[in-house]
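What follows is a set of notes on a single structure, which appears directly below.
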Amino acid sequence: MLSQIQIDHFWEKGFVITENGATTEQLQALSEQLDKWIEESRDHDKNYGTMSDGKARFDLEAGHSAESPKLRRVANPVDISDAYYDVLINGVIPDMVADLIGPDVKFHHCKLNIKLPGMKTRVDFHQDHIYDPHTNDDMVTALLLLDEMSEENGCLWVVPGAHRERYSHFQDGKFTGKVDPRLNAQLEDRSVPITGKSGDVCLMHTWMVHGGPPNLSDKPRRMLICDYPAADAIPLTPPMVPSIYSHQVIRGKPAKIARMIQANLELRPQYEDDSFFELQGQATAGKM
Ligand SMILES: O=C(O)CCC(=O)C(=O)O
C-alpha cells in the first residue's frame with residue numbers, strides 16, 4: 001500500500017500524507033451520513049446520544065442552535081454507521097497502517113471532528129498517546145479528509161520530528177489535555193499545514209504534536225480520525241472514547257505477548273468532559 005519512501009517519511013518526520021484513503025463511493029456515503037447527523041443536531045440544544053461510558057456521542061459547540069448548527073464532534077461513528085465501519089475497518093486505511101506498524105493491527109476508537117463555517121472550534125497542541133497510553137507506542141492516528149482542507153478552513157498542523165519529544169499535558173497539577181500554551185509560539189514556528197483533497201489521509205505517529213485553528217472560511221472542514229495500535233500494544237487505561245470495537249484485531253493475528261518499551265508516561269485521569277474540546281477549555285452547548 002505505502003512505498004518505502006512513505007514509510008521512511010513516517011518514521012523520520014512522524015507523519016505521511018497519501019491519497020485514496022477511501023473510494024469516491026465510500027466518501028460520498030460518509031459525507032451523506034454526516035450531513036444527516038448535522039441536520040439532526042438542529043433538534044438538540046445540548047450534547048446527546050449516550051455511549052457505553054455514559055458520555056454524549058454528539059458534542060455541540062456553545063452557540064449551537066436549530067438555525068446555526070455547531071456539531072463539532074461525533075464519537076465513534078463506526079458504532080452506529082455501516083458506512084464508517086466499511087471505511088475504517090474493512091477499507092484500505094488499516095492496510096496502510098499495517099505497512100507502518102503491522103502486520104497485526106487493532107482498532108482502538110474513532111471520531112469525526114467538524115469545523116463548519118462560523119464555528120470557533122480549534123484544536124490545541126497535544127499528543128494522542130497521552131490520552132490512550134499503551135505498553136508500546138506503535139500506534140497510528142489516521143486522519144481522513146472528508147472535505148478539501150486548507151489553511152483557510154482550519155487544517156491540521158503537525159510539528160515534524162516532534163514525535164520524538166515528550167510534553168506534559170498537565171498545567172498547575174490539572175490534566176488539560178494540551179501542551180503548555182507558553183510553548184505554542186515555538187511549536188507554531190516549527191509546524192507545517194496538512195492540506196489536501198477529500199480522500200487524502202494523513203497517517204500520524206501517536207506522539208506527533210498536532211493542533212489546528214478555527215475555520216475562518218465559508219467552506220466546511222470535516223475530518224474522520226481513527227486510532228490503530230499494534231496488536232501487542234496493550235492499553236494502560238480504559239479508552240477515553242470507548243467503541244464497541246475497541247481492541248478488536250482487524251489485521252493479522254492477536255498478540256500472545258504484551259510488548260513493553262521503557263517509558264515514563266503521564267497518567268491522565270478518566271475525565272468527565274464529553275469531548276476533549278471541553279477538556280481543553282472550549283465551551284459546550286450543554287451537558288445531557
Ligand atoms: O480536527 C483536527 O484538526 C485535529 C483533531 C485532533 O487532533 C484530535 O481529535 O485528536
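Worth saying up front: this structure is predicted, and the values here are computed from it rather than measured. Each ligand, and each atom within it, is numbered from 1 in the order the structure gives.
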**Prompt:** What is the distance from atom CZ of Arg251 to atom CD1 of Ile101, rounded to the nearest 0.5 Å?
**Reply:** 12.0 Å

**Item:** Results of salt bridge (charged side-chain N to carboxylate O under 4.0 Å, His left out) for Glu25 - residues two or more places apart only
**Value:** none

**Asked** Among all residues two or more places apart in sequence or in another chain, which pass the ring pair (Phe, Tyr, Trp, His ring centres under 6.0 Å) test with His210?
**Response** His126

**Prompt:** Which protein residues have a heavy atom under 4.0 Å from ligand 1?
**Reply:** Arg73, Lys111, Asn113, Val123, His126, Asp128, Leu156, His210, Arg221, Met223, Ile225, Phe276

**Item:** side-chain hydrogen bond (donor to acceptor under 3.5 Å, both in side chains), paired with Thr284, selected from Lys46, Glu61, Arg72
**Value:** Arg72

**Prompt:** For residues 171-192, which residue pairs qualify under ring pair (Phe, Tyr, Trp, His ring centres under 6.0 Å), counting only residues two or more places apart or in two chains?
**Reply:** Tyr131-Phe175, Phe170-Phe175

**Complete:** Between Leu236 and Leu265, the two heavy atoms sitting closest are CD1-CD1, 3.5 Å

